[in-house]
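Worksheet: the structure to be examined is printed underneath.
Source: prediction; values computed, not measured. Ligands are counted one by one from 1 in listed order, and the atoms in each one are counted from 1 as well.
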Amino acid sequence: MPATNRQIRLAARPTGEVKPEDWEHRSVPVEDPGPGRFAGRTRVISLDPAMRGWLDDRPSYLPPVGIGEVMRAGSVVEVTASDHPDYRPGDHVVGTFGVQEHVVSDGRGAMKVDTALAPPSTYLGALGMPGMTAYFGLLEVGALKDGETVVVSGAAGAVGTIAGQIAKAKGCRVVGIAGGPHKCAMLTGELGFDAAIDYRAQDVRKALREHAPDGIDVYFDNVGGDILDAALARLAMHARVVICGAISQYNNATPVKGPSNYLSLLVRRARMEGFVVFDYAERYGQAAQEIAGWIGEGRVKVKEHVVKGTVDDFPETLQMLFRGENVGKLVLELP
Ligand SMILES: NC(=O)c1ccc[n+]([C@@H]2O[C@H](COP(=O)([O-])OP(=O)(O)OC[C@H]3O[C@@H](n4cnc5c(N)ncnc54)[C@H](OP(=O)(O)O)[C@@H]3O)[C@@H](O)[C@H]2O)c1
């Protein structure tokens, strides 16, 4: 019997939270690589909040995933057969290969990674897209200066853990905002943040007054909504508000809730700027090298949340992001 490739495809556009019936689980025959291409077996799949946005049929920085298409996802695959000059069986390759067990690629947009230096999952996390997001968001968009006060929301997640630790490596005072005592204890204990605010249990405005008494110089926002508003109310002069994401709004069936405290940008002569990490692709190599250096020195600790399962577990694993069940980078590791 020919080998099969299990895939997760988009069956319907969700309204609000994604439901199991929005996905189709399908098995198709495994393809041969053919001339100039390689075939690979998926090892780990990245789960990202942005995936929710890719399911909506509205203009964005990437086209939506089409109905019936394999769900878009970053992953690391191990090459099993190749007619491509740059790839050999046994090589590990990171790319946007989708939620499926087997892939065939001509190598465009793909990059070989060294699993002797770091496990495959880390190329989807600290040394991958989330790490790049933290690095360029904080240092370029946030124009971080040594010794400033930095507040990071979604601080216990893939981007947040790296952003906060980069700010610490730059000698900043860092306050993280995250959900639950366990995540907050990890931020101030293991990761060396100066303070952590549990937004589920505490009044964020009050806590920011206490932990950022002189105001926030850089606010790195991963969540939007009420937490963004609370941070806007506490800006220092010439503050930078980095709009990285707004996960609190992604499942809204109603329009996104915008900030009401935006006039504090005027009063504080501050700037609020969004960015898309892909715009920095040409400089990923330099950023990855610097982050790898910090990891080597123990200044950046890698936090990964590895779920072991099959591609059929993708829909349920994706929901963990929206329930706050992950600590650090969430990945699905296949057998
Ligand atoms: N601009 C870019 O180029 C770019 C690139 C990558 C990622 N992003 C954005 O960066 C953000 C973080 O992504 P990530 O991959 O690092 O995910 P992540 O932080 O690892 O996971 C999502 C976390 O968001 C928190 N969360 C969920 N619902 C929330 C809510 N209603 N209010 C507040 N917090 C909530 C949860 O933590 P708690 O338990 O703390 O609630 C959850 O663990 C996302 O907004 C994403 O879209 C942007």
inquiry  = Does this structure show an ion pair linking D56 with R58, if we count only N-O contacts that are shorter than 4.0 Å?
reply    = yes

task = Any pair with a residue in residues 88-113 that passes ring pair (Phe, Tyr, Trp, His ring centres under 6.0 Å), sequence neighbours left out, goes on the list, sorted by first then second residue, please.
result = none

key: Carboxylate-amine/guanidinium contact R37 E31, below 4.0 Å   = yes

remark   = Sorted by chain and residue number, the side chain to side chain contact (heavy atoms under 4.5 Å, CB included) partners of T15 (sequence neighbours excluded) come out as A253

message = The criterion is side chain to side chain contact (heavy atoms under 4.5 Å, CB included); which residues satisfy it with S60, sequence neighbours excluded?
response = none

request  = State whether E78 and R43 are salt-bridged, where the test is any N-O pair (Lys NZ or Arg NE/NH1/NH2 against Asp/Glu carboxylate O) under 4.0 Å.
outcome  = yes

For each nitrogen or oxygen atom of ligand 1, which protein N/O atoms lie closer than 3.5 Å, and how far apart are they, rounded to 0.1 Å?
{"from": "ligand 1", "atom 1": "1 (N)", "to": "C244", "atom 2": "O", "distance (Å)": "3.0"}
{"from": "ligand 1", "atom 1": "1 (N)", "to": "F275", "atom 2": "O", "distance (Å)": "2.8"}
{"from": "ligand 1", "atom 1": "3 (O)", "to": "V277", "atom 2": "N", "distance (Å)": "2.8"}
{"from": "ligand 1", "atom 1": "10 (O)", "to": "N222", "atom 2": "OD1", "distance (Å)": "3.2"}
{"from": "ligand 1", "atom 1": "16 (O)", "to": "A158", "atom 2": "N", "distance (Å)": "3.2"}
{"from": "ligand 1", "atom 1": "16 (O)", "to": "V159", "atom 2": "N", "distance (Å)": "2.8"}
{"from": "ligand 1", "atom 1": "20 (O)", "to": "A158", "atom 2": "N", "distance (Å)": "2.8"}
{"from": "ligand 1", "atom 1": "20 (O)", "to": "N326", "atom 2": "ND2", "distance (Å)": "2.9"}
{"from": "ligand 1", "atom 1": "21 (O)", "to": "N326", "atom 2": "ND2", "distance (Å)": "3.3"}
{"from": "ligand 1", "atom 1": "34 (N)", "to": "Y199", "atom 2": "OH", "distance (Å)": "3.3"}
{"from": "ligand 1", "atom 1": "37 (O)", "to": "K183", "atom 2": "NZ", "distance (Å)": "3.3"}
{"from": "ligand 1", "atom 1": "39 (O)", "to": "K183", "atom 2": "NZ", "distance (Å)": "2.6"}
{"from": "ligand 1", "atom 1": "39 (O)", "to": "R200", "atom 2": "NH2", "distance (Å)": "3.4"}
{"from": "ligand 1", "atom 1": "40 (O)", "to": "G179", "atom 2": "N", "distance (Å)": "2.8"}
{"from": "ligand 1", "atom 1": "41 (O)", "to": "Y199", "atom 2": "OH", "distance (Å)": "2.5"}
{"from": "ligand 1", "atom 1": "41 (O)", "to": "R200", "atom 2": "NH2", "distance (Å)": "3.3"}
{"from": "ligand 1", "atom 1": "43 (O)", "to": "K183", "atom 2": "NZ", "distance (Å)": "3.4"}
{"from": "ligand 1", "atom 1": "43 (O)", "to": "N326", "atom 2": "OD1", "distance (Å)": "2.5"}
{"from": "ligand 1", "atom 1": "45 (O)", "to": "N222", "atom 2": "O", "distance (Å)": "2.8"}
{"from": "ligand 1", "atom 1": "45 (O)", "to": "A246", "atom 2": "N", "distance (Å)": "3.4"}
{"from": "ligand 1", "atom 1": "45 (O)", "to": "Y250", "atom 2": "OH", "distance (Å)": "3.1"}
{"from": "ligand 1", "atom 1": "47 (O)", "to": "Y250", "atom 2": "OH", "distance (Å)": "2.7"}

